[in-house]
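A short write-up of the structure that comes next.
So you know, we letter chains A, B, ... as the sequences are listed, proteins then strands, and number each from 1. Bear in mind the structure is a predicted one, so any value in this text is a computation, not a measurement.
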Amino acid sequence: MLRALAVVIEADLKTLLRTGELPLMLLMLGSFQFLFFAIGSVLRKEEQLFFQLTGYGDSVLYQIAGMPILFLSIGMSWAIGQFVIELGRGGKLEQLQTTATDFRVVIAGRFIVMAIMSLLYYLAITVPFIQIRAGPEVLSHFLPALLVLMLGFVPIFLFAVVVSVVMLLARTEALIDLVSSIVYTFTGVAYPITVFPAVVQTLASLLPQTILAETVRNIVLLGVLEPARLIPFIAVALGYGVFSYLLYSKLEYSVRRGGRYEVVTE
Amino acid sequence: MSQGAFTRMEVAISARGLVKNYREGGLLRRRTEVRALDGLSFEVGYGKVFALLGPNGAGKTTTVRIISTLLLPDEGEVTVAGFNALRSPRKVRERIGVVLDPDKGHFLRLTALENLTFYGTLQGLSRSEARSRASALLGEMGLNGSENRMVEGFSKGMRARLAICRALIHDPEVLIFDEPTSGLDPISAREVRAKLRELGREGKSVLVTTHNLWEAESVSDEVAVVNRGKVVAAGPPQEVKRAFGLKWYVELEVEGRLRPEELPWMAEVAVSERGILTLKIAVDADPAELIPAIVSELRSRSLTVHSVTVREPTLEEAFVRAVSGAGR
Ligand SMILES: Nc1ncnc2c1ncn2[C@@H]1O[C@H](COP(=O)(O)OP(=O)(O)OP(=O)(O)O)[C@@H](O)[C@H]1O
Ligand SMILES: [Mg+2]
């Protein structure tokens, strides 16, 4: 199993590097983050009001620190869903399903590759911007933030699996865009969720992105890590774990019944 | 357990009463059902090359996908290498090598060697085992010069050969090929057929589909003619021909004056430019014993016999009969 996982990761990394997708992706995400930084720095905002709403003194830092979680989340959903679609189109999914290795090992390999990419992105793009804006005193916050981020990959990955499976079952790619806009608006990665009604806040806190964004910001910007914050993490991860497991079994069965390994998503 | 061992020794693949309906449409469109398989059964003995032969849409690919554990039938049972393909797909997957579409399933940005090492490792080999076996197979299939090239740049024939290497990478006991020669030029196709025969000689059990009758005849020990999701004839190619009551033809080139209606047999006669006549006589059984009688009969009419050719019935005819005879 580990041998198979290693070879999947290797194949995926090689493919990523050979397509030249990687530098393009980093460039795009980098310029997006730069825009937030630049516009945020130029515009004058009601920082006092923002502090009252969120407990953070700097709205620019707030956004910069949250943004990677959005990218991470969208990236994962795309990475898993598109990955499966792409495999299906090339006849690879079928071929993989005739091997002795469970397809979930292949998805896990993909996850590890995406996690490595996300960490690289965080270190190469987010960290420098925060450094410039907040000064050297936040430097010591990055290591614990990184660890929490890695822990947070798990529920976000499982969330992505749920989204991808639903997308494949419903045979529509548009779902990813819907989820992306929900994540962007309601999980506090860009706007504080405290501005929303209590119901929305409660629903938002069921999304792993909300918890991760808030925890990482706490660590990076305020230097606070409350161990109690890790409990919702684990709870949400478990919840998505069970849910994605059930959905996956349903998908596998439905694909095997219908014989549709090529997801026609027009 | 003993049941499994028994089955394993007797038959490599057994399909019994397979029924499969494809559902089309969905939430917003009207649901329709297409019956792809309608009670299809056959058995592939150990060490045999077995051809599923049928026209487009007969249900060959559907059958192959069910046997390869990719598709669940609505009814019926399948065992492959002694294991139930519907309930124990993992066990079956460990023991089969599959070529679905010889053009597909490759990772285009990986090299031939990387592709095979990848699939070999997923099939349970160690990296080094997979690599060395991959190199050997690429050599056997004439791809040794291209092992470090990305598959992206491979021609259809090269991809087909790579697909065969991929199916063989873990040295499985059962091999399943869906139209492995489709789209190949005659030379590549011949190489693929030679490989199929070689696998049969090595004692592998091979299921191959084709709509090419000559191909089925040339590679397989047994054939099943499939039409509209049913087996309409099965057995060794020779037996299938006999079962369909096919004719042998004796073709003779003769010179001299001849009135066909005076001959004791029904014969088609054609005249060539130089006055050579070609007689085509249809007979029900192997005409070996009849030939001397035919020749002496012609000589007695002062005809010169230049040549005698015996044409065996081809599966082509069996095929046309089976297809036009069923359900029309
Ligand atoms: N995914 C599918 N959805 C709906 N109908 C299908 C599907 N796959 C096959 N069919 C139908 O099932 C029948 C059998 O198809 P199948 O592909 O098994 O035939 P085949 O013998 O492999 O034909 P060919 O020689 O063209 O490859 C056909 O009528 C086909 O239209
Ligand atoms: Mg077919």
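- Only the backbone of B:L125 comes within contact range of chain A, judged by heavy atoms closer than 4.5 Å.
- Residues A:A4 and B:L122 come closest through the heavy atom pair CB-CD2, 3.6 Å.
- One finds the CZ atom of B:R166 at 3.5 Å from the CD atom of A:Q95 (value rounded to the nearest 0.5 Å).
- Atoms OG1 and CD1, from A:T98 and B:I67 in turn, are 13.5 Å apart once rounded to the nearest 0.5 Å.
- The pair B:R127-A:E10 counts as a salt bridge, with a side-chain nitrogen and a carboxylate oxygen less than 4.0 angstrom apart.
- B:A36 does not touch chain A: none of its heavy atoms, backbone or side chain, sits under 4.5 Å away.
- Each of B:P172, B:A163, B:G105 has some count of heavy-atom pairs under 4.5 Å with chain A, and the biggest count is that of B:G105.
- Using modelled atom types, no side-chain atom of B:R90 and backbone atom of A:T99 make a donor-acceptor pair closer than 3.5 Å.
- Here B:T69 is the residue among B:D103, B:T69, B:V92 with the most heavy-atom pairs under 4.5 Å with chain A.
- B:K195 NZ: more than 12 foreign heavy atoms inside a 6.0 Å radius.
- The CZ atom of A:R18 sits 12.0 Å away from atom CG of B:L108, with the distance rounded to the nearest 0.5 Å.
- Here B:L110 is the residue among B:T117, B:N115, B:L110, B:I96 with the most heavy-atom pairs under 4.5 Å with chain A.
- Here the straight-line distance linking atom CG of B:L100 with atom CD of A:Q97 works out to 11.5 Å at 0.5 Å rounding.
- Interface remark: of the candidates A:V106, A:D102, A:T15, A:T15 forms the most heavy-atom pairs closer than 4.5 Å to chain B.
- Note that the CZ atom of B:R23 and the CZ atom of A:R257 stand 6.5 Å from one another [nearest 0.5 Å].
- Proximity to chain A (any heavy atom under 4.5 Å) is shown, for B:K91, by neither the backbone nor the side chain.
- With a threshold of 4.5 angstrom between heavy atoms, B:E94 approaches chain A through its backbone and through its side chain.
- Within the 3.5 Å criterion, the main-chain N or O of A:K14 finds no donor-acceptor partner in the side chain of B:R109.
- Of the two parts of B:T62, neither the backbone nor the side chain holds a non-hydrogen atom closer than 4.5 Å to a non-hydrogen atom of chain A.
- The two residues B:F118 and A:L96 have their closest heavy-atom pair at CE2-CD2, 3.7 Å.
- Heavy-atom distances place the backbone of B:H106, and not its side chain, under 4.5 Å from chain A.
- Both the backbone and the side chain of A:V8 come within contact range of chain B, with heavy atoms under 4.5 Å apart.
- Only the side chain of B:Y22 comes within less than 4.5 Å of a heavy atom in chain A; its backbone stays farther off.
- Options A:G90, A:A11, A:G258, A:A6 differ in how many heavy-atom pairs under 4.5 Å they form with chain B, and the most are formed by A:G90.
- Between B:G124 and A:R3, the shortest heavy-atom contact is O-NH2, 3.2 Å.
- To the nearest 0.5 angstrom, B:K104 atom NZ is 11.5 Å from A:L93 atom CG.
- Remark: A:F243 CZ is loosely packed, at most 12 non-hydrogen atoms of other residues, nucleotides or ligands lying under 6.0 Å away.
- Looking at A:L87, only its side chain comes within 4.5 Å of chain B, counting heavy atoms on both sides.
- Interface check for chain A: of the options B:N21, B:T121, B:I66, the most heavy-atom pairs under 4.5 Å are formed by B:T121.
- Among all heavy-atom pairs drawn from B:Y119 and A:K92, the shortest one is OH-O, 4.1 Å.
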